[in-house]
Amino acid sequence: MPYPSLRARLVDSRDLPQIRTDQEEALLALLRKNLNPGVSDIQITAAELGLPPLQVRIWLQHLLAYWRISQGFPPNNRRIYEVPQPPY
């Protein structure tokens, strides 16, 4: 089943699928290599980790939101003109 490209989305930790630490590390490694993994990357990673692709996608969106925060952006995707600008 095809999915649209990843969109950063911060999820409450209680709503995240349960994964092991080694699985989370593998997802972080995937994002370090490519901040916008494609459908095939998600499916291959899911198969390697023994997880459903939807769970991998949810985690990648969550981790991408944290990356956006670390770069000074809002956690969830917004277009540039939707980001509140500081008053000048």
Side-chain angles (χ1 to χ4, degrees):
M1 175 165 124
Y3 297 103
S5 62
L6 279 181
R7 294 185 57 104
R9 182 170 169 257
L10 200 57
V11 178
D12 188 315
S13 60
R14 295 172 294 191
D15 296 332
L16 283 171
Q18 294 294 319
I19 62 173
R20 298 185 315 262
T21 304
D22 62 314
Q23 292 170 324
E24 184 176 358
E25 290 170 2
L27 295 175
L28 283 168
L30 174 63
L31 280 182
R32 278 189 213 105
K33 286 188 340 188
N34 181 3
L35 284 174
N36 192 20
V39 174
S40 60
D41 296 320
I42 292 170
Q43 290 175 335
I44 291 168
T45 301
E48 289 173 347
L49 298 178
L51 295 169
L54 184 58
Q55 285 187 359
V56 169
R57 183 175 185 73
I58 290 168
W59 264 96
L60 289 174
Q61 290 175 327
H62 183 72
L63 294 171
L64 187 56
Y66 271 108
W67 175 85
R68 287 178 57 86
I69 290 170
S70 75
Q71 301 300 307
F73 295 109
N76 298 330
N77 273 6
R78 289 186 174 177
R79 291 179 179 86
I80 298 290
Y81 58 84
E82 293 175 350
V83 176
Q85 298 296 315
Y88 294 102

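Sorted pairs that involve residues 25-41 and meet salt bridge (Lys or Arg N to Asp or Glu O under 4.0 Å), not counting sequence neighbours, are lacking altogether.
The side chain to side chain contact (heavy atoms under 4.5 Å, CB included) test applied to Ile44 returns Glu48, not counting sequence neighbours. Remark: Arg20 engages Asp22 in a side-chain hydrogen bond (donor to acceptor under 3.5 Å, both in side chains) (not counting sequence neighbours).
Cluster annotation: Val56 and Leu54 are assigned to the same hydrophobic cluster (Ile/Leu/Val/Met/Phe/Trp/Tyr, side-chain heavy-atom contacts under 4.5 Å, transitive). Residues Ile42 and Leu35 share a single hydrophobic cluster, defined by chaining ILVMFWY side chains whose heavy atoms lie under 4.5 Å apart. Ile69 and Phe73 fall into different hydrophobic clusters, where Ile, Leu, Val, Met, Phe, Trp and Tyr are joined by side-chain heavy atoms under 4.5 Å apart, directly or via other members.
Rounding to the nearest 0.5 Å places CG of Asn36 at 8.0 Å from CG of Leu64. Atom-to-atom distance recorded for Leu60:CG and His62:NE2 is 11.0 Å, nearest 0.5 angstrom. From Leu63, atom CG reaches atom CG of Leu31 across 5.5 Å, with rounding to the nearest 0.5 Å. One distance of note links CG of Leu27 with CZ of Arg57; it measures 13.0 Å at 0.5 Å rounding.
A donor-acceptor pair is defined here as one N or O able to donate and one able to accept, closer than 3.5 Å; no such pair exists between the side chain of Gln61 and the backbone of Arg9. Between the side chain of Trp59 and the backbone N or O of Pro17 there is at least one donor-acceptor pair closer than 3.5 Å. Asn76 contributes no side-chain N or O that, together with a main-chain N or O of Ala65, makes up a donor-acceptor pair within less than 3.5 Å.
Residue Ala46 comes nearest to Pro52 through the heavy atom pair CB-C, 4.1 Å, listed as atom of the first residue, atom of the second, then distance. Heavy-atom minimum distance, Ala8 versus Arg68: CB-CD, 3.2 Å.
Residues Asp15 and Ile58 have side chains not in contact (no heavy-atom distance under 4.5 Å, counting atoms from C-beta outward).
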